[in-house]
Amino acid sequence: MQHAEKYKPMYFPSPTHTFKWASKDHIEKPPIWCSVDLRDGNQALIIPMSLEEKIEFFKLLVKIGFKEIEVGFPAASETEFEFCRTLIEQDLIPDDVTIQVLTQAREHIIKKTFEAIKGAKQAVVHLYNSTSVAQREQVFKKSKEDIIKIAVEGAELLKRLTEEDGGNYRFEYSPESFTGTEMEFALEICNAVLDVWKPTKEWPTIINLPVTVSHSMSHIYASQIEFMSENLKYRDSVILSLHPHNDRGTGVADTELALLAGADRVEGTLFGNGERTGNVDIVTLALNMYSHGIEPGLDFTDLPSIVETYEKVTRMHVYERQPYAGKLVFAAFSGSHQDAIAKGMLWRETHDCSKWTVPYLPIDPKDLGREYEADVIRINSQSGKGGIGYLLETTFGIRIPPKMREEVGYTVKEVSDHAHKELQPQEVLDVFKETYVNISSPMEMLEVHFKQDHGILAEIILNKNGEHKIYHGKGNGRLDAVSNALKKHSNIDYTISTYEEHSLQMGSNSQACAYVAIDGDDGNTYWGVGIDDDIINASVKALISAVNRYEK
C-alpha cells in the first residue's frame, strides 16, 4: 500500500466518556425498530422500486412486525409522493404502524412533505441537515451559526405546519454526518432543535444520530452516543435513535455497542441494503439478540420467503454467507464439523435439552424456516463419515453401523471429488445403493428356504453368472446356514464379523434393512446391505452383497 499518510481521522471522539456501557455483556431488550428500506434502501438501488413493488415490500415489512417504517422522501420524485399518498388513501397502513417521511430543512421541501402525509392517522416527520466539518467547509461554506439557523428554522416550520394541519405527527431530527461533527456542536444543534419542539413524555421527539459515513472503530461511536445521551436536554422525552452505515464493515458492531451506551431506537434495512456498503442489517441485529435469548419483536420464522420477496422487488442478491439469511450459513461441508453437529443433534434427542447448544450452529435453523437435511449437512469431497451417515439417516432412514461409516464416507467423498461437485441427498443415496445394497452380481438370490433338523438347514436358489444354482448348508442360525452353503460352493473363505438390522420407517409395512460385514481371508473387510420387505430375505441379501463384493 502507498500514501497512507494522506489519510487522517475524520471523526471527533467524545470529549468525556465513562465507558460504563463496556461492562455490559449483552443487550437486555430490543430497541424500537424502524425500517428505512423504502427510502434509504430504495435510493441505493440501481433500478428503484416501482409503486407496486414498494407496496409489496411495505406489506412484507408490516408482516415482519415493523411498527415504524420510513416510506420515502416524498419531495424527491413523483413516485415517492404517489407511494405515500397511495398508502394513506387506500388505507394500507395498519393502525399500529407509523409511517415516517424524510425532508431536508428547506421550506419548499418541508411543505411538499406535509402535502404527502395529509390525512395520515399518525406519522413521523424526519428533518435533517448536515453538520460535519467537511460539509460545512466544502459544501455549504457556512458557519456553525448558519447551520444551527437552518435546523431551527426547519424545526419551527414543522411545528407550525403541524399545528395548522392538526395532524398526529411526531418529529425526528438528524444532524447528518453526525460522527464527522464536533460532539459539542452536535449537542448544541440538537438541543437548539429540542428547544423549538419542547418534547414531553406524552409527545416524545426522536433525535437520530447517524453514522452517515463510517470513520471510526465501534467503541468511538458508542462513546459519542453515551456523551449525547447524558447531555441532551429533555432526555426523558427524547428517543435516541441510531442510523449506522457500514463503510468499515462494522455497522452491526457500531449499533450493538451504541445500544449498550444508551440508544433506544435503530434505523436500518433488511440484509443491510443501502448507499455504498449499505445500512446496518436489521435481520442480523435482531437475530443476534434472539441468539442471546432476547425476543427481538420481529418475525423472521420464515426467512427464506422474506429473502425471496426482497430479491424479487429490489433485484438485489442476498449473499450466500450473509449472516443467518445466506443459503450457506448453516451448511457444514467439513467432516469434523458435520460429525460434531450430528452428535450434537443426537445429544439433544437423548438429553431433553431446553437450551440450544449444538456445535457450529449458533441458532436452530428450524427457527428461521430452514431444514437440517437441505441446509445443514452438505456433502462434497471435504465431508466426513459423520455427516454422510447423518444425512442418510435423517433423510432416508438408513442407520449405517458405526464400523461401516468410515468406508461409506470415503466412497461418497471419492465420487464427489472426481465429479468436482457437491452431491445432493438423492445422489448420496444412489452411491450408497450402487455400492452396497442388494448387489446381484455374480450371484443373485432368487429364493431361500429353511427347515429345522438338529440346527437350521438352508436351501438357496441363485442366479449365478446366468445359471440357476441350488446350494444347501447347515448352521446354528439362518444366516449361518446360508453362509455355510455359500462357502461350500465357492472358492472363498470368510467370517461374518458384524450383523445389524432395522426398519427403514415406522409401521408394519416398513421395509427391513440389514447390514453384514465379512472378514475375508485376504485380510480385508467387505460390507453388504440388504433391503427387502422380509427381514430374513434382507439379511440374506446383505450377506450375498458382501460376498459378491468380496468375489469382485
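One-based numbering along the sequence shown.
- Between His489 and Lys464, the closest heavy-atom pair is O-NZ, 4.1 Å.
- With Phe450 as the aromatic partner, Arg478 meets the cation-pi criteria of under 6.0 angstrom to the ring centre and within 45 degrees of the ring axis.
- Judged purely by distance below 3.5 Å, without hydrogens or angles, the side chains of Asn279 and Glu267 never pair a donor atom with an acceptor atom.
- Here the side chains of Thr498 and Val516 are not in contact, with every heavy-atom distance at 4.5 Å or above.
- From Arg399, atom CZ reaches atom CG of Leu504 across 8.5 Å, with rounding to the nearest 0.5 Å.
- When all heavy atoms of Asn42 and Met49 are compared, the closest pair comes out as OD1-N, 2.8 Å.
- From Thr284, atom OG1 reaches atom CD of Glu256 across 9.0 Å, with rounding to the nearest 0.5 Å.
- The heavy-atom pair separating Thr525 from Ala517 by the smallest distance is CG2-CB, 4.0 Å.
- In this structure, Ser218 and Asp254 approach most closely via the heavy-atom pair OG-OD1, 2.6 Å.
- Distance CG/Leu242 to SG/Cys34: 12.0 Å, rounded to 0.5 Å.
- In this structure, Thr255 has no side chain to side chain donor-acceptor pair (under 3.5 Å) partners at least two apart in sequence or on a different chain.
- Because its NZ or CZ atom is both nearer than 6.0 Å to the ring centre of Tyr494 and within 45° of the ring axis, Lys487 counts as a cation-pi partner of that residue.
- Summarising the geometry of Tyr436 relative to Trp527, their closest heavy-atom pair is CD2-O, 3.7 Å, with the distance given to 0.1 Å.
- Rounded to the nearest 0.5 Å, atoms OG (Ser497) and OH (Tyr526) are 12.0 Å apart.
- Residue pairs meeting the salt bridge (charged side-chain N to carboxylate O under 4.0 Å, His left out) criterion with at least one member in residues 321-339, sequence neighbours excluded, are Asp339-Lys343.
- Closest of all the heavy-atom pairs between Pro296 and Ala286 is CB-O, 3.6 Å.
- No hydrogens or angles considered: nothing links the side chains of Asn463 and Glu467 as a donor-acceptor pair under 3.5 Å.
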Could you walk me through whether Glu459 and His449 pass side chain to side chain donor-acceptor pair (under 3.5 Å), step by step?
-> CA-CA 5 Å; Glu459 177 183 85; His449 305 284; 4.6 Å; no
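- For Tyr515 and Tyr499, the distance between ring centers is not under 6.0 angstrom.
- For the atom pair NZ (Lys67) and CG (Leu298), the distance works out to 9.5 Å, reported to the nearest 0.5 Å.
- Under the 3.5 Å distance criterion, with hydrogens and angles disregarded, no donor-acceptor pair is assigned to the side chains of Glu68 and Thr98.
- Note on Arg39 versus Glu275: no salt bridge recorded, every NZ/NE/NH1/NH2 to OD/OE distance being 4.0 Å or above.
- Here Tyr290 pairs with nothing under the ring-ring contact (aromatic ring centres under 6.0 Å, His included) rule; sequence neighbours left out.
- Here the options are Leu60, Leu61, Ile32, the test is side-chain contact (heavy atoms from CB on, under 4.5 Å), and the partner is Phe66; only Leu61 passes.
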